[in-house]
A.B. asks: 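Have a look at the structure that comes next, please.
Read the numbers this way: they start at 1 and go in the same order the structure lists the ligands and their atoms. Every heavy atom of this structure was used, including side-chain atoms; hydrogens, water molecules and symmetry mates were not.
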Amino acid sequence: MAQLIGGLATSHIPAIGGAIHKGKQNEPYWKPFFDGFPPIHRWLDQARPDIVVVFYNDHGLNFFLDKMPTFAIGAAAEYRNADEGWGIPTLPPMPGCPELSWHLINELIAREFDIVTCQEMLVDHACTLPFKLFWPDHEVAPVQIVPININTVQFPLPTARRVYKLGKAVGEAIQRWDGDKRVAVMATGGLSHQLDGERAGFINKSFDLQFLDSMETNPEWATQFSDLELVEKAGTQGVALLMWLAMRAALTVAGSGVRKVHSNYHIPISNTATGVLALETV
Ligand code: DHB
């Protein structure tokens, strides 16, 4: 059976791609962010996931404002990078795992999640950059991926409670898969930030730190908030923390709990508070 080995989460700001491309990791502005990764690289060297199920949000590449699925899952053999710009290099395609995708699709629909199935799916920085951060020495990370898109772009968004249930169902389905593989779950986006409007630049450090702590000690904590409350607390783009909730919920089904491998929190990169986290199932 498949083994759910742990979870990863990171911010996905496009400027990170430019910094990697230009080798700026050790510059004073970037170093506190990139310093969050080496302990996680060491863990990944040992943990060696074969497949990563990645919760992320599309930025108008597959789904524009006229057609916005709440949840969508990729079932492709490969995912081509076609980012919307930001001056970051186009990365090579990432290999998919259609077998696990179809297993998840069947299980989720049987569990009454009306998820959109995408046999072709382009990916943007929210999916590609985290793999450059977690596997910096590889042109293409040595894993297959299954992307799951959660709408955090246009209201109405799924509630935190619904996202938590989705994550849990994904975790259960991974554990029921008879592919003999090591599977990790990943979340991308966040933490608090607001890019536009009157509150542009808004960051909420105390909420972020409470949220990070809840990932370890009380995974359902954020489900008490409505989406509007999450916007109020974390900013309009900060609601991408819903992805972290899905990742963490998936891990609740494995073994007896999680061990924190490493976390990092740094303000600011661009207009955001950045967060990085790795959890191992125990
Ligand atoms: C930025 C952050 C994001 O999360 C995103 O998706 C796009 C841009 C930014 O800070 O520039």
A.B. asks: Strictly under 4.0 Å, does any heavy atom of Ala15 approach an atom of ligand 1?
C.D. replies: no
A.B. asks: Which salt bridge (charged side-chain N to carboxylate O under 4.0 Å, His left out) pairs, counting each pair once, include a residue from residues 169-180, with sequence neighbours left out?
C.D. replies: Glu107-Arg176, Arg111-Glu172
A.B. asks: Would you kindly say whether Tyr56 and Asn149 are connected by a side-chain donor-acceptor distance under 3.5 Å?
C.D. replies: no
A.B. asks: Have a look at ligand 1 and work out which part of Pro14, if any, has a heavy atom under 4.0 Å from it: side chain, backbone, both or neither.
C.D. replies: side chain
A.B. asks: Crowded around Gln224 CD? As in, over 12 foreign heavy atoms under 6.0 Å?
C.D. replies: yes
A.B. asks: Are the ring centres of Phe33 and Tyr29 closer than 6.0 Å?
C.D. replies: no
A.B. asks: For ligand 1, which part of Ile269 has a heavy atom less than 4.0 Å away: the side chain, the backbone, both, or neither?
C.D. replies: neither
A.B. asks: Relative to the heavy atoms of His12, which atoms of ligand 1 are at a distance of less than 4.0 Å?
C.D. replies: 4 (O), 6 (O)
A.B. asks: Should you measure from each heavy atom of His193, which atoms of ligand 1 turn up under 4.0 Å away?
C.D. replies: 2 (C), 3 (C), 4 (O)
A.B. asks: Only heavy atoms of His59, strictly under 4.0 Å: list the atoms of ligand 1 that pass.
C.D. replies: 5 (C), 6 (O)
A.B. asks: Give the cluster check for Phe134 versus Val146: same hydrophobic cluster or not, with ILVMFWY residues linked at side-chain heavy-atom distances below 4.5 Å.
C.D. replies: no
A.B. asks: Counting each atom of ligand 1 from 1 as listed, which ones have a heavy atom of Thr272 under 4.0 Å away?
C.D. replies: 10 (O)
A.B. asks: For a quick test of your reading: what N or O donor-acceptor pairs under 3.5 Å do the side chains of residues 267-280 make, sequence neighbours left out?
C.D. replies:
from, atom 1, to, atom 2, distance (Å)
Thr272, OG1, Ile269, O, 2.9
Thr274, OG1, His266, O, 2.8
Glu280, OE1, Arg259, NE, 2.8
Glu280, OE1, Arg259, NH2, 3.0
Glu280, OE2, Trp43, NE1, 3.1

A.B. asks: Is it true that Gln237 lies under 4.0 Å from ligand 1, counting heavy atoms only?
C.D. replies: no
